[in-house]
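For reference, the structure discussed in these notes is given below.
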Number of protein chains: 2
Amino acid sequence: MSKSDGIPGPAVRRLSLYLRQLESLLGQGKRTVSSRELGEALSLTDAQVRKDLAYFGQFGHPGIGYRVDELTVRIRRILGTDREWNVALIGAGNLGRALLCYRGFAKKGFNVIAVFDTDKKIVGTKIDLQEGLTVLPMSKLSEVVRTQNIRLGILAVPATAARQVADELVEAGVQGILNFAPVTLKNMTCPVAAVDLTVHLEQLSFQLAGGDNT
Amino acid sequence: MSKSDGIPGPAVRRLSLYLRQLESLLGQGKRTVSSRELGEALSLTDAQVRKDLAYFGQFGHPGIGYRVDELTVRIRRILGTDREWNVALIGAGNLGRALLCYRGFAKKGFNVIAVFDTDKKIVGTKIDLQEGLTVLPMSKLSEVVRTQNIRLGILAVPATAARQVADELVEAGVQGILNFAPVTLKNMTCPVAAVDLTVHLEQLSFQLAGGDNT
DNA sequence: CTATGTGAACAGCTTCACAGCG
DNA sequence: CGCTGTGAAGCTGTTCACATAG
């Protein structure tokens, strides 16, 4: 169906890492980079880097390597981050407010331009940051998504509310969801990326516990 | 070397998801669960669930399924979350403060009991939450890690400072690091788990862009 | 009859090794 | 030479299918 058929998921995930590294190299003024250098910086083999990039096209120059600026542009286009994306944040609790303050999203072209919450005590308050966004009630969701051309939603609500809100987001016309709630959203009709912060800590404690228990 | 040899990494990651689901089932008062039910809730096959659990022992009861309370205890022990873990947070910027307020960590037994920052304007301030932790200077790191028995560190500092701080954490005696900075920490002598929030958004935009670019 | 645990088949991802280009 | 792009080999993880237990 789409061109992304046959491309390993892991390769796509690494594409983001390559881009991150390339941006860093650009800052250092490096003009070209080999698959070995790129791999070394990310703890990958050179073959892995070449194969990953080759899934998406022929970006390299034999004998030279990859031109940093060129490859940056190419990967941005592939990831879709050569354009800007409007994003809605649902949930203005601790985590939600933090994500709003987090600069990293905007730097990559993901603009959180609306915030929603169900809690009547929070709705109407301003979140004091640069833009000074006012927290809106969920009833405004589909209107705002449509008029503001919002395509992505970030879910920062409690686990109990997540499923319901996720459905509302899809209903409103959002095309992708980044889910911070500790629940699996199954059978969604749009792409969902999940981030469970505690899962990562558990992976660490597993490694330290060594698995040597009965 | 350790018992975890031969166990696929993905299986360990899913263990966290099984635990999450089991805790939810416990709350609903469900006594037993089959591999099919568990898999369905997480969008996995029943075979996957059985094989994953079988890596760690024989927890099931043929004809019955898995006893929810029993399996919960078992997985907690395997993941090392049957004990409490003391955690240090480095970086009291927006993201750091948010993580401190985030309830999820404590619920799983990860107690953030100390906060550090390099910025002299932040050091000494109290972060107004339940415990009211005071932000400490980095110079206190190794002393506090030792006296407070801190084993994990959460890195919420800018990319430019991450490597340096990571080394200081290891030096201070921390045994595992959860890295929120958008850099790859290579050649670390302790386990590192990485969370890059923008990477997940890029995965979504890739799927929506469809990869159909030149 | 239901549901686990598991060897065997299969699929997917990574690494190797080398042809080919600058 | 140096370095990419790529079939082929190798490895890891997933699914199948069935023997086994309650």
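Labels below follow one simple rule: chain letters A, B, ... track the order of the sequence lines, proteins then strands, and each chain is numbered from 1. Here the structure is a predicted model, which means the values were calculated and not measured.
The CZ atom of A:Arg36 sits 10 Å away from the P atom of D:dG2 (whole-angstrom rounding). Between A:Asp46 atom CG and D:dC3 atom P the separation is 10 Å, expressed in whole Å. To the nearest angstrom, P of C:dT2 lies 13 Å from CD1 of B:Ile64. Across the protein-nucleic acid pair, A:Glu37 atom CD and D:dT4 atom C1' stand 14 Å apart, rounded to whole Å. Atom pair B:Arg31:CZ and C:dA3:P shows a separation of 17 Å (rounding to whole Å applied). Remark: P of D:dT4 and CG of A:Asp52 are 13 Å apart, rounded to the nearest angstrom. In this entry the distance linking CG of B:Leu38 with P of C:dG5 reads 12 Å, nearest Å. Computed from coordinates, the A:Leu71 CG to D:dC3 P distance equals 16 Å when rounded to whole Å.
Ranking D:dT15, C:dT14, C:dT4 by closeness to the B:Ala47 side chain, first place goes to D:dT15. Among the nucleotides D:dG13, D:dC16, C:dT15, the one closest to any side-chain atom of B:Pro10 is D:dG13. The listed nucleotides are D:dT4, C:dC16, C:dT4; the one nearest the side chain of B:Pro62 is C:dT4.
The CG atom of A:Asn111 sits 11.5 Å away from the CD atom of A:Gln148 when rounded to the nearest 0.5 Å.
In this model, the phosphate group of C:dT4 is approached by a side-chain N or O of B:Ser35 to a distance below 4.0 Å at OP1 or OP2. When the side-chain nitrogen and oxygen atoms of B:Arg50 are compared with OP1 and OP2 of D:dT20, none of them lie within a distance under 4.0 Å. Between C:dG5 and B:Gln58, no contact under 4.0 Å exists linking OP1 or OP2 to a side-chain N or O. Contact check, A:Arg14 against C:dT14: a side-chain N or O comes under 4.0 Å of OP1 or OP2. Between A:Gln48 and C:dT15 there is a side-chain polar atom (N or O) within less than 4.0 angstrom of OP1 or OP2. Phosphate proximity of D:dT14 to B:Tyr55: absent, as no side-chain N or O sits under 4.0 Å from OP1 or OP2.
Around NZ of A:Lys107, the count of heavy atoms belonging to other residues, nucleotides or ligands within 6.0 Å does not exceed 12. Environment of CZ in B:Arg163: crowded, with over 12 heavy atoms of neighbouring residues, nucleotides or ligands closer than 6.0 Å.
Minimum heavy-atom separation, B:Thr198 to A:Gly104: CG2-O, 3.5 Å.
Side-chain contact of A:Glu168 with A:Gln164: a donor-acceptor pair under 3.5 Å is present, judged by distance alone.
In terms of position on DNA chain C, the residue among B:Lys51 and B:Val33 whose nearest nucleotide sits closer to the 5' end is B:Val33.
At the heavy-atom level, A:Gly60 lies under 4.0 Å from the strands shown only through sugar-phosphate atoms.
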